[in-house]
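Order of the sequence lines fixes the chain letters, A, B, ..., with proteins taken first and strands second; residue numbering starts at 1 for each chain. The structure presented is a predicted model; accordingly, all values stated were derived computationally and were not measured.
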There are 2 protein chains.
Amino acid sequence: MFRPFFEKSDIYDMDVGTLCLGALDMGDATGYEIKKMFESGLFSHFMDASFGSIYPALTKLTDEGLLTCTSQQQERRPDKKIYSITKAGREALKDKLLRPLAVDKLKSEFLFTMLFADVLPAERVAALLTNRVADLREELSHIQAERDSELTNGQEFVRRYGEAVVEASLKFIRDNRHLVENRNAMREMENMR
Amino acid sequence: MFRPFFEKSDIYDMDVGTLCLGALDMGDATGYEIKKMFESGLFSHFMDASFGSIYPALTKLTDEGLLTCTSQQQERRPDKKIYSITKAGREALKDKLLRPLAVDKLKSEFLFTMLFADVLPAERVAALLTNRVADLREELSHIQAERDSELTNGQEFVRRYGEAVVEASLKFIRDNRHLVENRNAMREMENMR
DNA sequence: AACTTCATGTAACGAGTTACATGATTAT
DNA sequence: ATAATCATGTAACTCGTTACATGAAGTT
């Protein structure tokens, strides 16, 4: 009988605090800059967080001694708070990264919608596909833009992974959109086989 | 200047209620069966929900007239409640599906972890990759198992999409794992280029 | 014996988002 | 004029999960 060697509560939860720790492991940054990292760049492809969760997380992590914070005065603006990860912070991050991972789950509104392609107006389906292609192309160009920068092996692996998946999606849509766009063409192909 | 033609609140939110409506559009089911659909089968690849959200959603949807419910008595078990989507329910679903979509976002703990491959123990990285391959293989076999069933074009599109992405991921890992597994090999390859 | 499947439901809790507060500067 | 960028922070809210309650039948 299979007995799990870990409890559910042990499963590594990629919460905002951990995300911030990860971001700061790559260099000092402010909360604002961390948000930007989640919006563009390597991180953006598989994580997200809002200011409303980043700022409190940063405060909490600092209280716990996992980060240090230096304020930099600015004129006519709130002080810039530059956070740095501490040794304890690096250890806490590494600790989290050694825990069992949950299987990733994609939440795709696009795929959910495509499930009903047959009952949706043809223009809607076409627009959905076209937008999707545009989004993927944009994502691809962002990913490729990061090619030049000096990345660790891990970062480069992740970058290429994203690139590969986006390229495969793009190719798939190119090759298969007729299936949902042109319903008659589909039936003809079925018959030809 | 760009003026958005829709408000944020208009953006289609794939909440549990909508997921249930979608599931029931494919045929009558109980809450328990809907949960199973989210755990395996076509739906499972990009959505999820627990009993704690499915049952209340079903009750709410019924109150709103989007579903009807017939109880089926059972011996020594709670009555089976079979839900059917109503005409109003189908319209509500279609309505939702016509709203602007948010760009999908993958939350991947695997990729987040791989970002730090360089500072993680080699065995951890190897195990991560091996587990990932196993998970993907399993997912692929599930997706392929659905091949025979009679699917609508939309469903078949989604099935093949999942298949294509999983295959691409598998191929990617096969071709690129050396990048994070064997750090010296990586450097040698870099020099050879 | 112990666990899984069947079957529904509720309450407590948690982690996040959205919206607000504040406000100068620069780009369109 | 209007909006976006910079910059931080808090409070209300939302949506969902987890854990519990209940309990028989079948599987390992």
Side-chain angles (χ1 to χ4, degrees), chain A residues 1-4 7-21 28-40 47-63 67 69-83 96 102 105 107 109, chain B residues 1-4 7-20 28-40 47-63 67 69-83 96 102-103 105 107 109:
Chain A
M1 179 70 282
F2 175 72
R3 199 98 52 75
E7 297 296 316
K8 245 186 185 174
S9 53
D10 283 337
I11 286 192
Y12 164 36
D13 181 27
M14 196 175 71
D15 59 12
V16 177
T18 311
L19 259 35
C20 290
L21 233 34
D28 297 354
T30 65
Y32 190 84
E33 287 165 346
I34 291 171
K35 178 80 206 305
K36 277 197 301 178
M37 289 170 77
F38 293 166
E39 277 167 357
S40 58
M47 62 185 70
D48 202 13
S50 63
F51 286 126
S53 54
I54 293 173
Y55 287 124
L58 255 15
T59 307
K60 201 187 153 224
L61 256 16
T62 306
D63 291 344
L67 300 180
C69 172
T70 19
S71 284
Q72 193 180 295
Q73 264 179 275
Q74 297 201 127
E75 283 157 33
R76 285 172 255 270
R77 271 197 199 165
D79 286 4
K80 215 185 226 183
K81 288 180 154 190
I82 301 160
Y83 291 93
K96 287 244 179 183
K105 197 136 223 169
K107 270 218 165 187
E109 298 178 6
Chain B
M1 183 71 278
F2 176 72
R3 200 97 51 78
E7 298 295 316
K8 245 185 185 173
S9 53
D10 282 338
I11 287 191
Y12 164 37
D13 183 27
M14 196 173 70
D15 59 13
V16 176
T18 310
L19 259 35
C20 291
D28 296 354
T30 65
Y32 189 85
E33 287 164 347
I34 291 172
K35 178 82 206 302
K36 278 197 299 179
M37 289 170 76
F38 293 164
E39 276 168 359
S40 57
M47 63 185 70
D48 201 14
S50 62
F51 287 126
S53 54
I54 292 172
Y55 287 123
L58 255 16
T59 308
K60 201 188 154 222
L61 255 16
T62 307
D63 291 344
L67 301 179
C69 171
T70 19
S71 283
Q72 194 179 292
Q73 264 178 273
Q74 297 199 128
E75 282 157 33
R76 286 173 252 271
R77 272 198 199 165
D79 286 3
K80 216 186 227 186
K81 289 180 154 189
I82 302 160
Y83 291 92
K96 287 241 179 188
V103 179
K105 198 137 223 169
K107 269 218 167 187
E109 299 178 6

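Nearest nucleotide to the side chain of A/Ser50, out of C/dG16, C/dT17, D/dA7: C/dT17. Proximity note for A/Tyr32 (side chain, C-beta onward) versus D/dG9, D/dA7, C/dG16: the nearest is D/dA7. Of the candidates D/dC6, C/dG9, C/dG16, C/dG9 carries the atom nearest the B/Tyr55 side chain, counting heavy atoms from C-beta on.
With a 4.5 Å cut-off on side-chain heavy atoms, A/Ile82 and A/Cys69 do not count as touching. Contact annotation: the side chain of B/Ile54 never approaches that of B/Tyr32 to less than 4.5 Å [non-hydrogen atoms, C-beta and beyond].
B/Gln72 has its CD atom 14 Å from the C1' atom of C/dT8, to the nearest Å. B/Asp63 places its CG atom 14 Å from the C1' atom of C/dG9, with the value rounded to the nearest Å. In this structure, A/Phe51 places its CZ atom 15 Å from P of D/dA4, rounding to the nearest Å.
Using a 4.0 Å cut-off, some side-chain N or O of B/Lys81 falls inside it from OP1 or OP2 of C/dG9. Remark: B/Lys80 is in phosphate contact with C/dA7, judged by side-chain N or O atoms under 4.0 Å from OP1 or OP2. For C/dG16, neither phosphate oxygen OP1 nor OP2 lies less than 4.0 angstrom from any side-chain nitrogen or oxygen of A/Ser53. Proximity of B/Gln74 to the phosphate of C/dC6: no side-chain N or O atom is located under 4.0 Å from OP1 or OP2.
Across all strands, A/Thr30 comes closer than 4.0 Å only to sugar-phosphate atoms, never to a base (heavy-atom distances). Residue A/Lys35 is out of contact with every strand shown, counting any heavy-atom pair closer than 4.0 Å.
The residue among A/Arg77 and A/Pro56 whose nearest nucleotide of DNA chain D lies closer to the 5′ end is A/Arg77.
The overall bend of the helix from C/dA1-D/dT28 to C/dT28-D/dA1, read as the angle between its terminal helix axes built from five base pairs each, is 50° when rounded to 10 degrees.
Judged by distance alone, with hydrogens and angles left aside, the side-chain atoms of B/Thr18 form no donor-acceptor pair with the main-chain N or O of B/Met14 at under 3.5 Å.
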